[in-house]
A.B. asks: 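Sharing a structure here in structure tokens format.
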Amino acid sequence: MKAVVTVTGKDKVGIIAMASAECAKYGANIEDISQTVLNEYFAMIMLVSLESLKVDFSAFAEAITNAGREVGVDIRVMHEDIFNTMHRI
């Protein structure tokens, strides 16, 4: 199973390091990543594998979202099932 993780906010040093460290901490493996800075705004999308997740999905999503809040960025985690369901509609 996979999830899409988005990170947005004002650009600052360490955003990628924080997000990737949080993924590693919970066993989510980053399979693909795209990031850009638009003027002073940071935007990143990561595709992560949940195969080795050490906690349940909702606990991972809550933890990484809270970590983002602590440094002033918005992190959202969407399970791949959301996209698979939307495709069927």
Side-chain angles (χ1 to χ4, degrees):
M1 300 304 273
K2 296 183 188 335
V4 174
V5 178
T6 61
V7 183
T8 56
K10 286 268 195 168
D11 189 32
K12 61 182 80 179
V13 173
I15 297 173
I16 296 172
M18 176 277 301
S20 60
E22 286 296 307
C23 286
K25 178 176 168 181
Y26 293 100
N29 184 48
I30 299 170
E31 293 189 351
D32 202 355
I33 185 171
S34 176
Q35 65 88 30
T36 192
V37 178
L38 306 165
N39 289 323
E40 72 267 22
Y41 298 101
F42 177 86
M44 178 170 66
I45 301 172
M46 297 185 292
L47 179 64
V48 300
S49 170
L50 305 174
E51 299 303 318
S52 298
L53 206 59
K54 299 174 184 172
V55 296
D56 68 22
F57 176 76
S58 59
F60 167 66
E62 183 177 349
I64 197 167
T65 297
N66 289 337
R69 271 193 208 110
E70 289 177 14
V71 298
V73 296
D74 182 54
I75 300 180
R76 308 279 172 128
V77 183
M78 295 163 281
H79 198 281
E80 74 175 333
D81 288 346
I82 291 173
F83 300 100
N84 294 333
T85 301
M86 290 172 61
H87 178 65
R88 292 183 199 135
I89 295 177

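Computed from a predicted model, the values in this text were never measured in an experiment.
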A.B. asks: OG1 of T6 to CE of M78: how many Å apart, nearest 0.5 Å?
C.D. replies: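 Reported value, rounded in 0.5 Å steps: 4.5 Å.
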
A.B. asks: Please determine whether the number of non-hydrogen atoms from other residues, nucleotides or ligands lying under 6.0 Å from atom CD of E62 exceeds 12.
C.D. replies: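 Atom CD in E62 is not crowded, with 12 or fewer foreign heavy atoms closer than 6.0 Å.
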
A.B. asks: Indicate yes or no: at least one non-hydrogen side-chain atom of Q35 is less than 4.5 angstrom from one of V7.
C.D. replies: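 Not touching, per the 4.5 Å side-chain cut-off.
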
A.B. asks: How many angstroms lie between atom CE of M44 and atom OG1 of T8, to the nearest 0.5 angstrom?
C.D. replies: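 That separation rounds to 10.0 Å.
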
A.B. asks: Name each donor-acceptor pair under 3.5 Å that joins a side chain in residues 11-20 to protein atoms two or more places apart or in another chain, with its distance.
C.D. replies:
residue, atom, partner, partner atom, Å
K12, NZ, V71, O, 2.6
S20, OG, I16, O, 2.9
S20, OG, A17, O, 3.2

A.B. asks: Would you name the heavy atoms of V73 and G9 that are closest together and state the gap between them?
C.D. replies: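 Nearest pair, atom of V73 first, then G9: CG1-CA, 4.3 Å.
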
A.B. asks: Sequence neighbours excluded, which residues qualify as side-chain contact (heavy atoms from CB on, under 4.5 Å) partners of K10?
C.D. replies: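 By the side-chain contact (heavy atoms from CB on, under 4.5 Å) rule, K10 matches E40, Y41.
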
A.B. asks: Is the backbone of K2 close enough, under 3.5 Å, to the side chain of E80 for a donor and an acceptor to pair up by distance?
C.D. replies: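 Yes, because the side chain of E80 sits within donor-acceptor range (under 3.5 Å) of the backbone of K2.
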
A.B. asks: Are I45 and F42 co-members of a hydrophobic cluster defined by side-chain heavy atoms under 4.5 Å apart?
C.D. replies: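 No, F42 does not connect to I45 through the hydrophobic network.
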
A.B. asks: Between F57 and A3, what is the shortest heavy-atom contact and its length?
C.D. replies: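 F57 and A3 have their closest heavy atoms at CE1-CB, 3.9 Å.
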
A.B. asks: In Å, rounded to the nearest 0.5 Å, how long is the span from CD1 of I75 to CE of M46?
C.D. replies: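 So the CD1 of I75 and the CE of M46 are separated by 7.0 Å.
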
A.B. asks: Mind checking what makes side-chain contact (heavy atoms from CB on, under 4.5 Å) contact with S49, not counting sequence neighbours?
C.D. replies: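 For S49 the side-chain contact (heavy atoms from CB on, under 4.5 Å) partners, ignoring immediate neighbours, are N29, E31, E51.
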
A.B. asks: If hydrophobic clusters are built by linking Ile, Leu, Val, Met, Phe, Trp and Tyr wherever their side-chain heavy atoms come under 4.5 Å apart, do L53 and I33 end up in the same one?
C.D. replies: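 Cluster IDs for L53 and I33 match.
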
A.B. asks: Can I82 be reached from V5 by stepping across I, L, V, M, F, W or Y side chains whose heavy atoms are under 4.5 Å apart?
C.D. replies: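 As far as the 4.5 Å side-chain criterion goes, I82 and V5 are not connected within one cluster.
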
A.B. asks: Is there a side-chain contact between L47 and I30 (heavy atoms, below 4.5 Å)?
C.D. replies: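 No, their side chains stay 4.5 Å or more apart.
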
A.B. asks: What's the shortest heavy-atom distance between C23 and V48, and which atoms?
C.D. replies: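 That would be SG-CG1, 4.1 Å.
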
